Amino acid sequence: MTSRTPCPCGLPEAYEECCGRFHSGTASAPTAERLMRSRYAAFVRQDGAYLLRTWHPRTRPARLDLDPAMRWTGLEILATEDGSAFHSTGTVTFRAADRGGSLHERSRFERVDGAWVYVDGDFLG
């Protein structure tokens with residue numbers, strides 16, 4: 001039996017069956033929360049192409065400079081509002097930990113052509 005890499009998003013599945021399928025483009029995140037988790041995993045894995053691809057065209061930066069020294073250590077989903085298969089918008093409040101502290105944000109998501117994308121977020125105390 002081969003060992004499989006756990007997904008950095010915090011769900012129990014192996015990376016390949018969890019966020020890896022979103023990163024590779026073989027599946028799309030079905031909810032705003034799953035997109036949030038997959039974007040966190042993309043930050044962990046330094047996958048800038050996925051981050052840009054899942055960013056709303058209205059707010060997407062021209063480029064993304066990821067810090068290779070950044071080490072994300074955990075994701076905690078604190079709240080979700082809407083963002084299911086039955087919604088066109090949603091918010092996810094989360095805390096992402098790194099070796100130096102944590103990032104606390106309420107992120108906004110919308111559907112564009114049926115796919116969830118990140119719009120923007122508010123940093124929280």
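It should be emphasised that the depicted structure is a prediction, and the values quoted were computed from it without experimental measurement.
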* To do: Check step by step if side-chain contact (heavy atoms from CB on, under 4.5 Å) holds for Leu75 and Val44.
  => CA-CA 10 Å; Leu75 176 66; Val44 170; over 6 Å; no

Can you measure from [atom1] ([X]) to [atom2] ([Y]) and round to the nearest 0.5 angstrom?
X      : Y      : atom1 : atom2 : answer
Arg39  : Ser107 : CZ    : OG    : 8.0 Å
Thr80  : His87  : OG1   : NE2   : 9.5 Å
Tyr118 : Thr59  : OH    : OG1   : 7.5 Å
Arg60  : Leu51  : CZ    : CG    : 11.5 Å
Thr93  : Met36  : OG1   : CE    : 10.5 Å
Ser88  : Trp116 : OG    : CH2   : 6.5 Å

* To do: Could you check Phe94 against Leu78 for side-chain contact (heavy atoms from CB on, under 4.5 Å), going step by step and ending with a plain yes or no?
  => CA-CA 5 Å; Phe94 69 93; Leu78 303 172; 5.6 Å; no

* To do: Decide, yes or no, whether a salt bridge links Glu17 with Arg21 under the criterion of side-chain N to carboxylate O below 4.0 Å.
  => no

So, for [X] and [Y], which heavy atoms are closest and what is the spacing to 0.1 Å?
X      : Y      : value
Arg34  : Ala29  : C-CB, 3.9 Å
Arg99  : Ala69  : NH2-O, 3.5 Å
Glu105 : Leu124 : C-CD1, 4.1 Å
Pro8   : Tyr40  : O-CE2, 3.2 Å
Tyr50  : Ser38  : OH-OG, 2.6 Å
Pro57  : Val112 : CD-CG2, 4.4 Å

* Measure the shortest side-chain to side-chain distance between Leu52 and Pro61 over non-hydrogen atoms and say whether it is less than 4.5 angstrom. => yes

* Asked: Is Trp55 close to Leu64 at the side-chain level, that is, under 4.5 Å between some pair of heavy atoms?
  -> yes

* Asked: Any chance CZ of Arg53 has more than 12 other-residue heavy atoms, nucleotides or ligands included, within less than 6.0 Å?
  -> yes

* Among Asp120, Thr89, Thr91, find the one that has a side chain to side chain donor-acceptor pair (under 3.5 Å) with Arg108. => Asp120

* To do: Could you give me the CA-CA distance, side-chain angles and deciding distance for Trp72 and Leu103, then say whether side-chain contact (heavy atoms from CB on, under 4.5 Å) is met?
  => CA-CA 10 Å; Trp72 295 102; Leu103 168 72; 4.3 Å; yes

* Specify whether His23 and Tyr15 have parallel, tilted or perpendicular ring planes, treating 30° as the upper limit for parallel and 60° as the lower limit for perpendicular. => tilted

* To do: Check the hydrophobic clustering (I, L, V, M, F, W, Y; side-chain heavy atoms under 4.5 Å; chains of links allowed) and say if Phe22 and Ile77 are grouped together.
  => yes

* To do: Run the numbers on Val92 and Arg37 for side-chain contact (heavy atoms from CB on, under 4.5 Å), then give the verdict.
  => CA-CA 10 Å; Val92 179; Arg37 288 180 178 279; over 6 Å; no

* Any donor-acceptor N/O pair, Arg95 side chain to His104 backbone, under 3.5 Å -> no

